[in-house]
Amino acid sequence: MAYIDLRSDTVTQPTPAMRQAMAQAPVGDDVFGDDPSINRLQDRVAEWLGKEAALFVPSGSMSNQIGVRLHCGPGDEFICESGCHIYNYEQGAFAQLSGVVARCVDGDFGVLRPEQIHGLIRPFNDHLVQTRLICLENTHNRGGGRIQPLENVAAICQWARANSLRTHLDGARLFNAVVATGVSAAEWSHHFDTVSVCFSKGLGAPVGSALAGPRDLIQLARRHRKLFGGAMRQGGVLAAAADYALDHHVDRLSEDHANARRLADVIRDIDGLALNPPQVDTNIVIFRLNPTLGPAVDLTTRLKSMGVLMLATGQDLIRAVTHLDVNAEQIDRAGSILRAAVEESRAGHARTPPLETVEW
Ligand code: TLP
């Protein structure tokens, strides 16, 4: 069955034109710094983000973990929002790889208010870890693609700087925020010491992320990338896809946002579903199920049998993400199927496949 796959914006296929760009990319051994396509991408990303330098890495997780390691060592702590990807979905790599602990603060769908973090810096004391870093995520995945208010970002980072803390942005979906707000990537980024961006989410490249920051830190990041096993050789074929995406797939993110709102309009209208958060800022739609409809995985299983893939991200939460490979017509179809699936659940129709727990 050809599914309408809304599990993530990571599921996109490289377009024929992107594959063409990959096939034609000049390459070299990047461990020697010899890959022209990677070097070009790194320079472009640094420029886009208004930073001195950038480093191409295989994944957003690695980019974040290198970022954490640049700013923190064993026995250090970073402050982050409780639902963020670095804390929840990277296997606690900051602890496993770098001996760092996290201090989580509950946000409002991923958004922290500056005053929530005031007073959280640990005093210098033999008993205590040392607070070194604040990490923010924009857009916020678990917050339903929520855009951080720019004034919060500015105030939090200003406060961090005044208190000698470093700042890192998980900008896996920063370009979604750029397109939705009209605020440039450089404007979002200049508040942070380091910024991670992903090419394999909404931008539709098959692989790759980049970490940008001051030249000396990015030099050090190169060492950490090698340590984490992320130094690639002729990775230019991948960088070329990212480069292509920067040229051709940024502005079109507005289509994904329009499609997400289109789907949200249907969900708003289905009895027993509630958008969570109620507004859709970008390309992620998260909704809560009324308990009478059964667990979220039951509904995603039913949806799958009807040709639509979504993710159960909690007992009663489902996530749908729009992307390059779904158009408005498919979104309409997905909406109708969702409506029908909910009606079947309400009617208590038997579901065939076995129950799992939360999928993600
Ligand atoms: N998010 C993926 C999964 O890991 C859950 C998804 O489908 O949304 N930061 C943020 C905000 C992310 O959403 C992700 C991936 C990452 C970092 C990690 O990127 P990768 O998957 O490249 O390691």
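Indexing begins at 1, ligand by ligand and atom by atom, following the structure's order. In this chain, numbering begins with 1 at the start of the sequence shown.
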Atoms of ligand 1, numbered as shown, that sit under 4.0 Å from any heavy atom of [X]:
| X | value |
| --- | --- |
| Ser8 | 6 (C), 7 (O), 8 (O) |
| Arg319 | 6 (C), 7 (O), 8 (O) |
| Ser59 | 22 (O), 23 (O) |
| Ser61 | 18 (C), 19 (O), 20 (P), 23 (O) |

Less than 3.5 Å between some nitrogen or oxygen of [X] and one of ligand 1, yes or no?
| X | answer |
| --- | --- |
| Asp170 | yes |
| Gly60 | yes |
| Ser209 | no |
| Tyr89 | no |
| Thr139 | no |

Open item on the list: Side chain, backbone, both or neither: which applies to Glu137 and ligand 1 if a contact is any heavy-atom pair less than 4.0 Å apart?
Closed with: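 The answer is the side chain.
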
Task: Mode of Asn64 contact toward ligand 1 - side chain, backbone, both, neither (heavy atoms, under 4.0 Å) - done: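 The side chain, only.
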
Is the closest basic N to carboxylate O distance between [X] and [Y] below 4.0 Å?
| X | Y | answer |
| --- | --- | --- |
| Arg113 | Asp108 | no |
| Arg166 | Asp76 | no |
| Arg339 | Glu343 | no |

Open item on the list: Under 3.5 Å, is there a donor on one side chain and an acceptor on the other for Ser82 and Asp106?
Closed with: yes

Open item on the list: I need the single residue from Glu137, Arg142, His140, Glu90 that forms a side-chain hydrogen bond (donor to acceptor under 3.5 Å, both in side chains) with His85. Which is it?
Closed with: Glu90

Task: Side chain Gln42, main chain Asn39, donor-acceptor under 3.5 Å - done: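 A pair under 3.5 Å: no.
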
Open item on the list: Looking at every non-hydrogen atom in both residues, tell me the closest pair between Ala21 and Ala240 and how far apart they are.
Closed with: O-CB, 3.7 Å

Task: CA sep, side-chain torsions, deciding dist, call: Ser63, Ser196, side chain to side chain donor-acceptor pair (under 3.5 Å) - done: CA-CA 6 Å; Ser63 192; Ser196 169; 2.9 Å; yes

Open item on the list: Tell me whether Lys201 reaches ligand 1 (any heavy atom closer than 4.0 angstrom to a ligand atom).
Closed with: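 A heavy atom of Lys201 does come that close to ligand 1.
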
Open item on the list: Check contact between Arg7 and ligand 1, using heavy atoms of the residue and a distance below 4.0 angstrom.
Closed with: no

Open item on the list: Classify the ring geometry of His224 against Phe228: parallel below 30°, tilted from 30° to 60°, perpendicular beyond 60°.
Closed with: parallel

Task: Nearest-option assignment for atom 2 (C) of ligand 1, heavy atoms, candidates Glu90, His140, His85 - done: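 The nearest heavy atom belongs to His85.
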
